[in-house]
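Here's the structure we're looking at; comments come further down.
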Amino acid sequence: MRSTGQLYRLMRSHWCVGLAAVLPLAMLGLLLGHVLPDPALQVPVFHFYLVSLVSFLALLLALAMTAAASQIDNVRVLFLALAFLGISSIFLVHALATPGVLVPRVNGWVGTSARLSLLVGAVMLALSTLEARPAIQRWVLRRRGWIIVAAFLLFALYGLVALASVQGAPAGSSDASTTVAGHVGEHSPAYDSYGQAYGPVASEDVARPGPSTARWMAAFERVSLKLAGEPAGGLLAGIVLALLGVVAVHYWRAYRRWDSPLIRSMLVATIFLLQAQVSMAIAPVWHVSWWGYHVLMLGAFLTALVGLVREYGERGSLRGVVEGLLLRDTIEHLQREYTEVIAALCSAVEAKDVYTRGHSTRVATLAALIGQELGLPPERLRILYQAGMLHDIGKIGIPDAVLHKPARLTDEEFALIQQHPVRSHEIIHHVRSFAPMVPAVRWHHERLDGSGYPDGLAGDEIPLDARIMAVADVFDALTSLRPYRRPLTVEEALAVLDEEAGTRLDPECVRALRRVVEVRWPVEADVASLLLELESQPATA
């Protein structure tokens, strides 16, 4: 039951999202329908400074996401960094190419850069919502530094080509002030001062014939004019709208499940970018309706930055901020569904034995990571994680003297220990929502050769979830301190598992564990950073 304060905050949050989705489009409709005046405001210098500010805000987001990408092994964070880096870099070219400020004449780069900045950003944002196969993730993560450097160099090269191709006045053109002033009229060329073509562009309007370098630059500018005009511009706009639609749906689903400041701000920012693309595509250049898309992009990145700062204030670390954005804090995410049950039961078990404190969480994390490495779907990984949290719940009924005994257990004491999977099963099997976890909980001590307990299952009789849990459980036990021995090193523990692979433990699960450990050790309790579609899956019921 939500408190009155919680309901008020929820309603206020929904109102903010609703206004962001409706108000700008309504205003654009009123301007284009001539219900409100839509005068031309041709102010190139102001355009230069406004676009530069938008680029700077996007750069701040790019730097934050790049720093997070260096800390978090997740390709989605890398794509977020590339999205903001691409928008910042290409949109800056949009500012620098403004006619009459730093360049002397009209050109296609100013319009093309506006379209391409949104296109690159939309592609990368869409990729940041998708799941990559484990092998692809490992390949990309090993090269993420080089990828970021290569992207930066590519965007810088784009800017250099754009600016180099527009330096100097074209043959037969009027002076800069005349071309900047020219919408369609007696002094305007075949394209307006924003680079949008109104008719065929003659080669002499682009650059004088000259050396090969000049001809190359002229060719580049002709391409930019084609991209700024129709039908290429309309096609690019359609692609951007489709991709940003995917991103908006993703953040809407995340927002409905978990209304954190950054998720809410990313949803609003995506909605603003969608509407900016609409305004860019249909509003007449230099009119108030056209200026709206610049304001929307400014609002998008300002909103995202505010959300990032607020989230940082709550979490205290950049890593925590981005993991929260990706819905990858497993403990918080799962405890929202099973707070009173899982958290209380695990705490009760681990309070009995200081040597196994944290064992359930680590086993749950390893089990889900192994399952992810084996290609299991997100809902199956959720079940594995929850089963790992509960797999030793039956120890709650075992006397402390047995659990803490530093010497070898007697046969009677070991028989008592062997009953804890059955006790765990008895505790959870009456809870309907826990039913999918029963196989891993009851049979995680079974072994392929039939030497395990409690039921002596062998080979394929042991469910896959239980075989995965067995490998995770043995590895954590070997690498943890026990009253009767020191912890083994990671390599020593892996060597033990390799010896038992194929006889007692599933060899495929052991190989998957080795891959997990090699890429992501030490493993932290944030397994959901790999469950890339977890937020779209229904809760276990």
Side-chain angles (χ1 to χ4, degrees), residues 19-55 87 90-91 93-95 97-101 106-119 121-122 180-185 188-199 224-245 248 268-302:
L19 286 175
V22 172
L23 194 57
L25 280 181
M27 184 64 68
L28 179 63
L30 293 174
L31 290 169
L32 295 181
H34 304 294
V35 177
L36 295 176
D38 188 23
L41 297 175
Q42 190 168 335
V43 192
V45 174
F46 179 71
H47 176 268
F48 170 79
Y49 286 115
L50 176 59
V51 175
S52 297
L53 176 59
V54 174
S55 300
I87 293 175
I90 302 176
F91 210 58
V93 178
H94 174 61
T98 302
V101 182
V106 297
N107 61 89
W109 293 104
V110 60
T112 298
S113 297
R115 296 179 187 274
L116 286 183
S117 66
L118 279 179
L119 177 64
V180 170
H183 282 284
V184 177
S188 65
Y191 44 92
D192 70 10
S193 57
Y194 194 65
Q196 289 187 327
Y198 280 89
S224 74
L225 287 166
K226 292 291 187 182
L227 291 175
E230 301 300 337
L235 177 61
L236 293 182
I239 294 173
V240 170
L241 290 173
L243 292 173
L244 288 178
V268 173
T270 304
I271 292 172
F272 282 165
L273 292 177
L274 267 165
Q275 295 172 109
Q277 177 60 79
V278 173
S279 178
M280 182 193 299
I282 65 177
V285 176
W286 294 117
H287 285 244
V288 170
S289 54
W290 172 85
W291 282 103
Y293 98 74
H294 298 82
V295 175
L296 283 166
M297 292 190 70
L298 177 65
F301 298 126
L302 191 59

Tell me the closest heavy-atom pair linking [X] and [Y], and the distance in Å.
X    : Y    : result
S113 : I90  : O-CG2, 3.3 Å
P24  : F272 : CG-CE2, 4.2 Å
S289 : L28  : CB-CD1, 3.8 Å
V110 : H94  : O-ND1, 2.6 Å
P284 : L32  : CD-CD2, 3.7 Å
Q275 : A20  : NE2-O, 2.9 Å

Rounded to the nearest 0.5 Å, what separates atom [atom1] in [X] from atom [atom2] in [Y]?
X    : Y    : atom1 : atom2 : answer
L274 : S279 : CG    : OG    : 12.5 Å
L116 : I87  : CG    : CD1   : 12.0 Å
I271 : L296 : CD1   : CG    : 11.5 Å
F301 : S55  : CZ    : OG    : 8.5 Å
L273 : M280 : CG    : CE    : 9.5 Å
L118 : L243 : CG    : CG    : 11.0 Å

query: Mind checking whether L41 and V288 have side chains closer than 4.5 Å, heavy atoms only?
result: yes

- prompt: So, do H47 and V43 sit near enough that their side-chain heavy atoms are less than 4.5 Å apart?
  reply: no

- prompt: How about W290 and H287: are their ring centroids closer than 6.0 Å?
  reply: no

Are any side-chain N or O atoms of [X] and backbone N or O atoms of [Y], one a donor and one an acceptor, separated by less than 3.5 Å?
X    : Y    : answer
S117 : A114 : yes
Q277 : L244 : no
T98  : A95  : yes

query: Does the pair V51 and M297 meet the rule for a side chain to side chain contact (heavy atoms under 4.5 Å, CB included), with working shown?
result: CA-CA 9 Å; V51 175; M297 292 190 70; over 6 Å; no

